[in-house]
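Note on naming: letters A, B, ... go to the chains in the order of the sequence lines (proteins, then strands), and numbering restarts at 1 for each one. Model, not experiment: these values are computed from the prediction.
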Amino acid sequence: MREDNAEAVHAMADIIDPQKDKAAKSENWLKPHRIVLLLLAALMVALMAFNMRWDWLPLYWTEMLGGLWVTLALLVSSSILGFAMAVPLGLAQVSGPAPLAWAARGFCTMIRGTPLLLQLWLLYYGLGSLFPQIPWIRGSFIWPYLREAWPYALASLTISFAGYEGEVMRGALAGVPKGELEAARAYGMSRFTVLRRIWLPRAIQRALPTLNGEIVLQLKATPLVATITVIDLYAVISDVRQDTYIIYEPLLFLAFIYLCLTGLLVAGFRYLENRIPTRGV
Amino acid sequence: MRALLTSLEVAAGGYLVGLLIGVGGAFGKLYGGPILRDLLEAYTTIIRAVPELVLIVLVYYAGTDLLNRLMAALGYARLDISGMAAGIAVIGLVQGAYSTEVLRGAIKAVPAGQIETARAYGMPPFLLVRRITLPAMLPHAIPGLANLWLIATKDTALLAVVGFTELTLATRQAGGATREYMLFFCAAGLLYLMVSLVSNVVIALIERRARRGMPGFSS
């Protein structure tokens with residue numbers, strides 16, 4: 001009951017004075033039980049810091065930075081490439097000719113219906129074992145790249161992102177009000193201009209809120225590439241565990257880093273979303 | 001084919017464990033005391049922010065080790081935890097965090113008047129949950145829960161990384177033994193796809209039934 005009152009007071013304060021509300025909220029955030037919980041959490045962290053072994057941290061510092069870089073590079077490049085693929089996929093499903101629409105829908109269903117790990121291994125072990133059998137590929141300039149693991153990692157991450165985001169783009173493109181497109185046509189815009197000026201911007205604006213979640217999911221998918229010998233952050237931590245026979249600490253540290261990365265991503269997107277005017281969406 | 005069955009068993013087991021955690025977590029988040037609420041908030045936030053693969057490795061190794069130490073401390077013999085049980089526990093723990101959020105949203109979507117009416121009739125809390133809250137929130141929860149089931153079937157593939165022989169790892173082993181990677185991976189992909197498509201049909205049927213009598217959703 002007391003809580004309900006506090007809520008009501010907040011609602012009032014919100015109307016009267018947003019500044020005051022902010023102060024009240026932060027005051028509310030530090031309730032006594034929460035301070036106790038925070039202290040307990042701090043105690044646990046301190047216990048972990050003193051009782052567990054962290055002497056490996058400085059030794060592997062450079063490797064971990066390299067792994068972090070690989071993880072972030074994979075995340076950013078696969079998201080951008082995947083999004084670039086998702087737009088035509090969505091378009092084909094919404095307004096393409098029937099065979100193209102079917103192909104795009106089949107692609108999205110296939111990607112979303114199978115585990116990413118399977119796709120990754122299919123590309124790496126499956127395709128990777130086929131390539132050497134084709135003579136002209138061995139001679140061409142892409143061969144050195146095909147023998148490495150990261151192109152397969154990037155390709156499968158990109159494809160999977162495109163599959164999921166293509167479905168989102170389909171919904172976003174279909175959700176743009178018909179009247180806006182008709183108005184643009186009535187102004188004498190060509191179909192391509194309508195797409196470039198009206199349809200795509202409006203659809204992307206609608207898809208943006210889901211993009212945050214998709215990218216967090218993509219971040220959580222990146223450690224899978226360690227299974228095909230790409231040295232990302234997860235692979236570095238695995239190496240640490242194998243070298244030093246320390247079981248828990250590296251994994252806990254890894255979880256902590258991913259927690260921070262997710263937090264940063266979410267905060268960054270919230271900042272961006274606040275800057276983009278979303279009136280009328 | 002045995003591997004497919006194992007995958008499905010782990011997925012189903014993990015999903016059920018997740019649902020149980022989810023129901024408990026959702027009610028805890030909505031009606032629990034402030035401490036319980038904060039702890040649940042921390043649980044769902046952490047689980048949803050850390051990659052499943054890391055969680056699976058962490059719980060699979062650390063969880064079994066901790067349990068064994070606990071058993072040793074209590075004076076019992078070492079317990080040999082099967083990969084299956086550990087897998088179910090891990091998937092359940094991950095699914096629990098997500099289904100907590102889904103169910104919380106669904107319960108909040110039930111009109112408060114219905115619950116208040118049941119209280120006014122003097123229904124005890126458990127009867128209230130069983131007769132009113134759970135049936136009334138089901139239509140709101142099913143899309144989210146269906147999504148979670150599909151995620152659960154795909155998350156089982158991650159258990160391959162810790163050496164649990166489910167469909168994906170069995171496929172790789174078969175491919176490695178026969179050098180026919182392409183064939184086996186495509187076959188496994190088809191199997192996963194079939195599971196998803198069949199699930200979709202079943203989910204559509206369940207949803208039709210759960211939504212019966214609701215205005216505006218008759219399709």
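Between T227(A) and R172(B) the shortest side-chain heavy-atom distance does not fall below 4.5 Å. Residues L193(B) and M110(A) form a side-chain contact, since some pair of their non-hydrogen atoms from C-beta on lies under 4.5 Å apart. Within the 4.5 Å cutoff, no side-chain heavy atoms of L158(B) are placed close to those of L116(A).
For the pair Y234(A) and V161(B), the tightest heavy-atom approach, listed with the atom from each and the gap, is OH-CG1, 4.2 Å. Counting all heavy atoms, side chain and backbone alike, L117(A) lies closest to A157(B) at CD2-O, 3.1 Å. Scanning both residues, F185(B) and L118(A), for their nearest heavy atoms gives CD2-CD1, 3.7 Å. For the pair G126(A) and Y181(B), the tightest heavy-atom approach, listed with the atom from each and the gap, is CA-CB, 3.7 Å.
Your options are V195(B), L58(B), T168(B), D38(B), and the one with the most heavy-atom pairs under 4.5 Å with chain A is D38(B). Here A255(A) is the residue among A226(A), A255(A), G263(A) with the most heavy-atom pairs under 4.5 Å with chain B. For the set C260(A), A221(A), P115(A), A41(A), the entry with the most heavy-atom pairs within less than 4.5 Å of chain B is P115(A). The choice from A49(B), C186(B), A42(B), S196(B) that makes the most heavy-atom pairs within less than 4.5 Å of chain A is A49(B).
Distance check: L123(A) CG to M182(B) CE gives 7.5 Å after rounding to the nearest 0.5 Å. Atoms CG and CD, on L217(A) and E52(B) in that order, are 7.5 Å from each other to the nearest 0.5 Å. Here CG of L53(B) is found 8.0 Å from OH of Y258(A). Values are rounded to the nearest 0.5 Å. The distance from atom CD1 of I46(B) to atom OG1 of T262(A), rounded to the nearest 0.5 Å, is 11.5 Å.
K220(A) contributes no side-chain N or O that, together with a main-chain N or O of V54(B), makes up a donor-acceptor pair within less than 3.5 Å.
Contacts of T114(A) with chain B are made by both backbone and side-chain atoms, with heavy-atom separations under 4.5 Å. Residue L197(B) touches chain A through its side chain alone, counting heavy-atom pairs closer than 4.5 Å. Looking at T109(A), both its backbone and its side chain come within 4.5 Å of chain B, counting heavy atoms on both sides. With a threshold of 4.5 angstrom between heavy atoms, Y125(A) approaches chain B through its backbone and through its side chain. With a 4.5 angstrom heavy-atom cutoff, I257(A) does not touch chain B via any of its atoms.
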